[in-house]
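Position 1 is the first residue of the sequence; numbering continues from there.
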Amino acid sequence: MKTAIRTFIILVSINSIVLSMSTEGTNIGFVMEKNKGAFSISSSLSITPQKPSSDTEIGQFQYIHGALLLPSGIEFSFGNSLEDDDEYTYLGASYYIKDKNYTIGINNRFHYNANLKYDKKPREFGASFSYKISKQAFTPYLKYSLRQYGSGQNLKLLTLGGFTSVSQMIFSFSYTMPMGADQGFYNGKGEIAVNLGVFLN
């Protein structure tokens, strides 16, 4: 009986936190040139589309993100939801390897939710790649994330996106798709995110 109750609580918790997690931050590590540091802050809106036949409302979540990028390529970041009933927070560290036209990033995040209790704080590992296309306003990027939310339980996410910067402003958009996820743990339609922010270098 205890095992059944515990499994139910974990399933409800996983469903809540996975659906409410935004995977994208300020993207300042992509924007800045090699050996340049910056502080950035942004706000994002994440939308989770639903199947018309599911009789489920489209989910919308607002977040605030911040990041400090050091000239060495190391970045420290944080994020928090702006929803009254979803106190979602993350803390992360990333490392960016930059060349003239491309950037490779490696990130590590810890996810928190003050309203729910877990056996383990969900931890995320990710790798990203962006390539600057000559004479194009937007720079595309690709990101793969592995989110661990329990012992032997992982969520794989693939993010396709693009970003641009004008003066001291950053704009980015992305579409995140779950890969091989249980439909009870993640909306099969994925998540769309739009992010707008500023930075100081």
Side-chain angles (χ1 to χ4, degrees), residues 16-48 59-98 103-116 118 121-130 138-149 157 159-176 191-201:
S16 299
I17 194 167
V18 171
L19 283 172
S20 66
M21 280 186 184
S22 175
T23 57
E24 295 309 291
T26 68
N27 288 309
I28 190 63
F30 285 139
V31 173
M32 300 305 297
E33 296 178 1
K34 188 176 182 179
N35 299 324
K36 297 288 185 180
F39 172 75
S40 64
I41 190 164
S42 69
S43 179
S44 67
L45 174 64
S46 297
I47 301 169
T48 54
Q60 294 186 15
F61 303 93
Q62 290 182 304
Y63 301 87
I64 186 167
H65 309 272
L68 175 64
L69 177 69
L70 304 178
S72 62
I74 297 173
E75 177 190 87
F76 300 99
S77 60
F78 70 90
N80 194 72
S81 69
L82 298 177
E83 308 296 328
D84 293 336
D85 58 349
D86 182 20
E87 298 177 13
Y88 160 68
T89 303
Y90 73 80
L91 296 174
S94 306
Y95 180 65
Y96 292 92
I97 302 169
K98 301 190 73 72
T103 302
I104 297 172
I106 301 169
N107 75 282
N108 183 15
R109 282 185 183 176
F110 288 94
H111 296 275
Y112 305 86
N113 188 306
N115 296 327
L116 301 171
Y118 302 92
K121 292 183 179 70
R123 188 173 182 180
E124 179 183 315
F125 302 92
S128 53
F129 176 80
S130 72
F138 278 89
T139 300
Y141 72 91
L142 178 68
K143 181 178 179 181
Y144 174 80
S145 302
L146 179 65
R147 190 170 297 156
Q148 299 177 324
Y149 50 79
L157 300 172
T159 300
L160 304 172
F163 64 88
T164 189
S165 64
V166 179
S167 186
Q168 300 294 106
M169 297 188 67
I170 307 170
F171 172 76
S172 67
F173 63 91
S174 64
Y175 176 52
T176 300
E191 179 182 85
I192 299 168
V194 178
N195 198 329
L196 180 63
V198 296
F199 67 92
L200 299 172
N201 57 350

Quick check for you: to the nearest 0.5 Å, what is the distance between [X] atom [atom1] and [Y] atom [atom2]?
| X | Y | atom1 | atom2 | answer |
| --- | --- | --- | --- | --- |
| L91 | N108 | CG | CG | 11.0 Å |
| I106 | I74 | CD1 | CD1 | 11.5 Å |
| T89 | N80 | OG1 | CG | 3.5 Å |
| K98 | K34 | NZ | NZ | 10.0 Å |
| T103 | E33 | OG1 | CD | 10.5 Å |
| F125 | L146 | CZ | CG | 7.5 Å |

query = Going through the checks in order, is the side-chain contact (heavy atoms from CB on, under 4.5 Å) test met by F171 and F173?
reply = CA-CA 7 Å; F171 172 76; F173 63 91; 4.1 Å; yes

ask   = Would you say the side chain of I41 lies within less than 4.5 Å of the side chain of V198, judging by non-hydrogen atoms?
value =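 A side-chain contact under 4.5 Å exists here.
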
ask   = Are N195 and I170 side-chain neighbours, meaning at least one heavy-atom pair lies under 4.5 Å?
value =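 No, too far: nothing below the 4.5 Å cut-off.
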
Kindly give the heavy-atom pair with the smallest separation between [X] and [Y], and that separation in Å.
| X | Y | answer |
| --- | --- | --- |
| S172 | F163 | CB-CB, 3.7 Å |
| I28 | L69 | O-CD2, 3.9 Å |
| Y96 | S94 | CE1-CB, 3.8 Å |
| T176 | T159 | OG1-OG1, 2.9 Å |
| E75 | G29 | OE2-N, 3.4 Å |
| Y90 | S77 | CE1-OG, 3.9 Å |

Under 3.5 Å: donor-acceptor pair, side chain of K143, backbone of L157 =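 Side chain of K143 to backbone of L157, a donor-acceptor pair under 3.5 Å: no, none is there.
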
task = Any chance you could lay out the side-chain contact (heavy atoms from CB on, under 4.5 Å) test for Q168 and N201, step after step, and finish with the verdict?
result = CA-CA 9 Å; Q168 300 294 106; N201 57 350; 3.8 Å; yes

task = Go through the steps to decide whether M32 and F199 satisfy the test side-chain contact (heavy atoms from CB on, under 4.5 Å), and finish with yes or no.
result = CA-CA 10 Å; M32 300 305 297; F199 67 92; 3.8 Å; yes

Test log, rule side-chain contact (heavy atoms from CB on, under 4.5 Å), inputs S81 and F61 = CA-CA 7 Å; S81 69; F61 303 93; over 6 Å; no

request  = From the options S43, S44, S40, S42, select the one residue that forms a side-chain hydrogen bond (donor to acceptor under 3.5 Å, both in side chains) with H65.
outcome  =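 Of the listed options, the one satisfying the test is S44.
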
request  = Could you check whether the rings of F30 and Y141 sit parallel, tilted or perpendicular, using 30° and 60° as the cut-offs?
outcome  =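 F30 and Y141: tilted rings.
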
